[in-house]
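Below is one structure, written out as C-alpha coordinates; comments come after it.
Here is how names work: the chains are called A, B, and so on, in the same order as the sequence lines, proteins then strands, and each is numbered from 1. Hydrogens, waters and symmetry mates are skipped; everything else that's a heavy atom, side chains included, is used.
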Amino acid sequence: GAGVSQSPSNKVTEKGKDVELRCDPISGHTALYWYRQRLGQGLEFLIYFQGNSAPDKSGLPSDRFSAERTGESVSTLTIQRTQQEDSAVYLCASSAGTSLNNEQFFGPGTRLTVL
Amino acid sequence: AQRVTQPEKLLSVFKGAPVELKCNYSYSGSPELFWYVQYSRQRLQLLLRHISRESIKGFTADLNKGETSFHLKKPFAQEEDSAMYYCALNGGATNKLIFGTGTLLAVQP
(Lines give C-alpha, C1' and ligand atoms only; values in the text may rest on other atoms or scores of the structure.)
Protein backbone atom coordinates (compact mmCIF):
# COMPACT_ATOMS: atom_id res chain seq x y z
CA GLY A 1 0.00 0.00 0.00
CA ALA A 2 0.95 3.65 -0.13
CA GLY A 3 3.33 5.07 2.40
CA VAL A 4 3.01 8.30 4.35
CA SER A 5 2.32 11.23 2.06
CA GLN A 6 2.72 14.94 2.70
CA SER A 7 1.63 18.03 0.85
CA PRO A 8 2.75 20.37 -0.42
CA SER A 9 6.26 19.14 -1.12
CA ASN A 10 7.51 22.72 -1.18
CA LYS A 11 6.00 25.90 0.21
CA VAL A 12 7.39 29.41 -0.12
CA THR A 13 5.64 32.07 1.89
CA GLU A 14 6.15 35.60 3.08
CA LYS A 15 6.89 36.44 6.67
CA GLY A 16 3.69 36.96 8.61
CA LYS A 17 1.50 34.68 6.50
CA ASP A 18 -0.17 31.52 7.81
CA VAL A 19 0.63 28.10 6.32
CA GLU A 20 -0.97 24.67 6.55
CA LEU A 21 0.97 21.47 6.04
CA ARG A 22 -0.80 18.19 5.49
CA CYS A 23 0.09 14.61 6.38
CA ASP A 24 -1.70 11.45 5.25
CA PRO A 25 -0.51 8.53 7.39
CA ILE A 26 -0.48 4.89 6.43
CA SER A 27 -4.00 3.51 6.69
CA GLY A 28 -4.65 1.95 10.08
CA HIS A 29 -1.74 3.65 11.82
CA THR A 30 -2.97 5.08 15.09
CA ALA A 31 0.19 6.98 16.04
CA LEU A 32 1.30 10.07 14.13
CA TYR A 33 4.32 12.31 14.75
CA TRP A 34 5.46 15.65 13.39
CA TYR A 35 9.14 16.57 13.33
CA ARG A 36 11.04 19.43 11.77
CA GLN A 37 14.58 19.71 10.53
CA ARG A 38 16.22 23.10 10.28
CA LEU A 39 19.31 23.49 8.18
CA GLY A 40 22.33 21.82 9.76
CA GLN A 41 20.35 20.42 12.64
CA GLY A 42 18.84 17.08 13.52
CA LEU A 43 15.16 16.30 13.45
CA GLU A 44 13.24 17.91 16.33
CA PHE A 45 10.06 16.34 17.67
CA LEU A 46 7.04 18.65 17.53
CA ILE A 47 3.87 16.77 18.43
CA TYR A 48 2.46 13.25 18.81
CA PHE A 49 -1.08 12.08 18.07
CA GLN A 50 -2.71 8.89 19.26
CA GLY A 51 -5.90 8.74 17.27
CA ASN A 52 -7.20 12.29 17.18
CA SER A 53 -5.87 13.33 20.57
CA ALA A 54 -2.44 14.87 21.15
CA PRO A 55 -1.07 13.70 24.49
CA ASP A 56 2.37 15.13 23.79
CA LYS A 57 2.70 18.62 22.35
CA SER A 58 5.93 19.34 24.17
CA GLY A 59 7.93 20.04 21.03
CA LEU A 60 5.78 22.81 19.59
CA PRO A 61 8.12 25.83 19.66
CA SER A 62 5.51 28.54 20.22
CA ASP A 63 1.78 29.19 20.30
CA ARG A 64 1.98 30.08 16.61
CA PHE A 65 2.20 26.34 15.96
CA SER A 66 -0.85 24.09 16.21
CA ALA A 67 -1.91 20.74 14.80
CA GLU A 68 -5.00 18.66 14.54
CA ARG A 69 -5.89 15.21 13.34
CA THR A 70 -9.15 13.81 12.05
CA GLY A 71 -9.74 10.42 13.63
CA GLU A 72 -6.91 8.11 12.66
CA SER A 73 -6.44 9.87 9.37
CA VAL A 74 -5.16 13.15 8.03
CA SER A 75 -3.25 15.61 10.18
CA THR A 76 -2.59 19.27 9.50
CA LEU A 77 0.15 21.36 11.05
CA THR A 78 -0.63 25.08 11.02
CA ILE A 79 1.93 27.80 11.52
CA GLN A 80 0.49 31.27 12.06
CA ARG A 81 2.33 34.52 11.36
CA THR A 82 5.34 32.68 9.96
CA GLN A 83 8.82 33.87 10.81
CA GLN A 84 12.07 33.27 8.96
CA GLU A 85 13.24 30.88 11.69
CA ASP A 86 10.29 28.62 10.80
CA SER A 87 12.06 27.73 7.53
CA ALA A 88 12.72 24.00 7.71
CA VAL A 89 11.72 20.61 6.36
CA TYR A 90 8.65 19.38 8.21
CA LEU A 91 8.42 15.60 8.41
CA CYS A 92 5.48 13.45 9.38
CA ALA A 93 5.74 9.85 10.54
CA SER A 94 3.17 7.24 11.44
CA SER A 95 3.27 3.91 13.23
CA ALA A 96 0.82 1.15 14.04
CA GLY A 97 1.17 1.83 17.76
CA THR A 98 3.64 2.93 20.36
CA SER A 99 5.26 -0.34 21.37
CA LEU A 100 8.95 -0.56 20.62
CA ASN A 101 8.32 -2.98 17.77
CA ASN A 102 6.21 -0.40 15.94
CA GLU A 103 8.44 1.23 13.37
CA GLN A 104 7.86 4.86 12.47
CA PHE A 105 7.43 5.33 8.73
CA PHE A 106 8.34 8.77 7.43
CA GLY A 107 6.83 10.87 4.71
CA PRO A 108 8.88 12.78 2.13
CA GLY A 109 8.58 16.04 4.01
CA THR A 110 7.42 19.56 3.22
CA ARG A 111 10.16 22.11 2.65
CA LEU A 112 8.96 25.45 4.03
CA THR A 113 10.78 28.64 3.10
CA VAL A 114 9.76 31.88 4.78
CA LEU A 115 11.01 34.96 2.95
CA ALA B 1 18.52 15.78 29.56
CA GLN B 2 17.92 13.43 26.64
CA ARG B 3 20.42 14.03 23.89
CA VAL B 4 22.05 12.28 20.94
CA THR B 5 25.43 13.39 19.68
CA GLN B 6 26.94 12.53 16.32
CA PRO B 7 30.32 14.25 16.29
CA GLU B 8 31.08 13.84 12.59
CA LYS B 9 29.18 15.83 9.96
CA LEU B 10 30.99 14.02 7.14
CA LEU B 11 32.81 10.72 6.91
CA SER B 12 34.58 9.92 3.66
CA VAL B 13 36.02 6.44 3.05
CA PHE B 14 37.11 4.37 0.10
CA LYS B 15 35.14 1.37 -1.12
CA GLY B 16 36.14 -1.72 0.83
CA ALA B 17 37.37 0.21 3.85
CA PRO B 18 35.80 -0.26 7.30
CA VAL B 19 33.25 2.27 8.47
CA GLU B 20 32.36 3.45 11.96
CA LEU B 21 29.75 6.16 12.45
CA LYS B 22 29.85 7.46 16.00
CA CYS B 23 26.84 8.05 18.22
CA ASN B 24 26.75 8.96 21.89
CA TYR B 25 23.64 9.48 23.95
CA SER B 26 22.46 10.93 27.22
CA TYR B 27 19.42 9.31 28.82
CA SER B 28 18.47 8.71 32.43
CA GLY B 29 16.56 5.47 31.95
CA SER B 30 17.14 2.30 29.95
CA PRO B 31 17.79 3.56 26.42
CA GLU B 32 16.32 2.28 23.19
CA LEU B 33 18.41 3.30 20.20
CA PHE B 34 18.01 3.29 16.46
CA TRP B 35 19.89 4.11 13.29
CA TYR B 36 17.95 5.75 10.45
CA VAL B 37 19.26 6.28 6.93
CA GLN B 38 18.31 8.67 4.15
CA TYR B 39 19.60 7.84 0.67
CA SER B 40 19.72 10.56 -1.96
CA ARG B 41 16.20 11.66 -2.98
CA GLN B 42 14.57 9.05 -0.74
CA ARG B 43 12.72 9.37 2.52
CA LEU B 44 14.12 8.64 5.96
CA GLN B 45 13.93 4.95 6.82
CA LEU B 46 14.83 2.70 9.71
CA LEU B 47 18.12 0.86 9.29
CA LEU B 48 18.35 -1.03 12.55
CA ARG B 49 17.36 -0.94 16.21
CA HIS B 50 19.45 -2.18 19.08
CA ILE B 51 16.75 -4.37 20.63
CA SER B 52 16.69 -6.53 17.50
CA ARG B 53 20.43 -7.15 17.60
CA GLU B 54 20.31 -7.60 13.85
CA SER B 55 22.64 -6.91 10.96
CA ILE B 56 21.11 -5.00 8.06
CA LYS B 57 23.00 -4.48 4.79
CA GLY B 58 26.13 -5.57 6.63
CA PHE B 59 25.78 -2.87 9.30
CA THR B 60 25.78 -3.64 13.01
CA ALA B 61 25.56 -1.48 16.11
CA ASP B 62 26.20 -2.45 19.70
CA LEU B 63 24.81 -0.57 22.65
CA ASN B 64 27.58 0.22 25.16
CA LYS B 65 25.94 1.52 28.29
CA GLY B 66 29.27 2.15 30.02
CA GLU B 67 30.41 4.50 27.25
CA THR B 68 26.82 5.59 26.42
CA SER B 69 27.52 4.83 22.78
CA PHE B 70 25.77 3.15 19.87
CA HIS B 71 28.28 3.31 17.04
CA LEU B 72 27.32 1.97 13.60
CA LYS B 73 29.87 -0.28 11.93
CA LYS B 74 30.43 -2.05 8.66
CA PRO B 75 33.59 -3.98 7.83
CA PHE B 76 33.66 -3.22 4.09
CA ALA B 77 31.95 -0.10 2.77
CA GLN B 78 30.14 -0.14 -0.57
CA GLU B 79 29.40 2.83 -2.82
CA GLU B 80 25.68 2.27 -2.33
CA ASP B 81 26.14 2.90 1.40
CA SER B 82 26.63 6.60 0.65
CA ALA B 83 23.82 8.36 2.51
CA MET B 84 22.92 10.46 5.52
CA TYR B 85 22.83 8.45 8.74
CA TYR B 86 20.96 9.53 11.86
CA CYS B 87 21.21 8.02 15.31
CA ALA B 88 18.02 8.29 17.36
CA LEU B 89 16.88 7.64 20.90
CA ASN B 90 13.41 6.61 22.03
CA GLY B 91 12.21 9.58 24.05
CA GLY B 92 9.70 7.85 26.31
CA ALA B 93 6.22 6.34 26.46
CA THR B 94 5.03 7.97 23.25
CA ASN B 95 7.99 6.60 21.28
CA LYS B 96 8.89 10.06 20.04
CA LEU B 97 12.40 10.00 18.63
CA ILE B 98 15.29 12.22 19.62
CA PHE B 99 17.71 12.52 16.72
CA GLY B 100 21.35 13.41 16.36
CA THR B 101 22.42 15.91 13.72
CA GLY B 102 23.40 13.18 11.29
CA THR B 103 26.58 12.05 9.55
CA LEU B 104 26.97 12.09 5.79
CA LEU B 105 28.81 8.97 4.68
CA ALA B 106 30.54 9.28 1.33
CA VAL B 107 32.04 6.09 -0.07
CA GLN B 108 34.55 6.82 -2.81
CA PRO B 109 35.19 4.31 -5.61
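- Proximity of B:Asn95 to A:Tyr48: side-chain heavy atoms (C-beta onward) are nowhere separated by under 4.5 Å.
- Within 6.0 Å of the CZ atom in A:Arg64, the count of heavy atoms belonging to other residues, nucleotides or ligands exceeds 12.
- For the atom pair CD of B:Gln38 and CG of A:Leu91, the computed distance is 7.5 Å after rounding to the nearest 0.5 Å.
- The nearest pair of heavy atoms linking A:Phe106 to B:Leu44 is CB-O, 3.6 Å.
- Considering A:Asp56, A:Ile47, A:Leu46 as possible partners of B:Lys96, the one that fulfils the side chain to side chain contact (heavy atoms under 4.5 Å, CB included) test is A:Asp56.
- By the 6.0 Å contact criterion, CG on A:Leu39 is open, its count of non-hydrogen atoms from other residues, nucleotides or ligands being 12 or less.
- The contact between A:Gln104 and chain B is made by backbone and side chain atoms together, counting heavy-atom distances below 4.5 Å.
- Residue A:Glu85 qualifies as enclosed at atom CD: its count of foreign heavy atoms under 6.0 Å is above 12.
- Listed by chain and residue number, A:Glu20, A:Ser66, A:Gln80 satisfy the side chain to side chain contact (heavy atoms under 4.5 Å, CB included) test with A:Thr78 (two or more places apart in sequence, or in another chain).
- Between the CD atom in A:Glu103 and the OH atom in B:Tyr36 there is a gap of 6.0 Å [rounded to 0.5 Å].
- Not one N or O on the side chain of B:Arg43 forms a donor-acceptor pair closer than 3.5 Å with the backbone of A:Gly3.
- For the residue pair A:Tyr33 and B:Thr94, the shortest heavy atom distance occurs at OH-O, 2.6 Å.
- Between chain A and the residues B:Leu46, B:Ile98, B:Val4, the most heavy-atom pairs under 4.5 angstrom are made by B:Leu46.
- Other residues, nucleotides and ligands contribute only 12 or fewer heavy atoms inside 6.0 Å of the CD atom of A:Glu68.
- Taking the side chain as every heavy atom from C-beta outward, B:Leu97 and A:Tyr35 approach each other to under 4.5 Å.
- B:Ser82 pairs by the side chain to side chain contact (heavy atoms under 4.5 Å, CB included) definition with B:Val107, not counting sequence neighbours.
- For CZ of B:Phe76, the number of neighbouring non-hydrogen atoms (other residues, nucleotides, ligands) closer than 6.0 Å is 12 at most.
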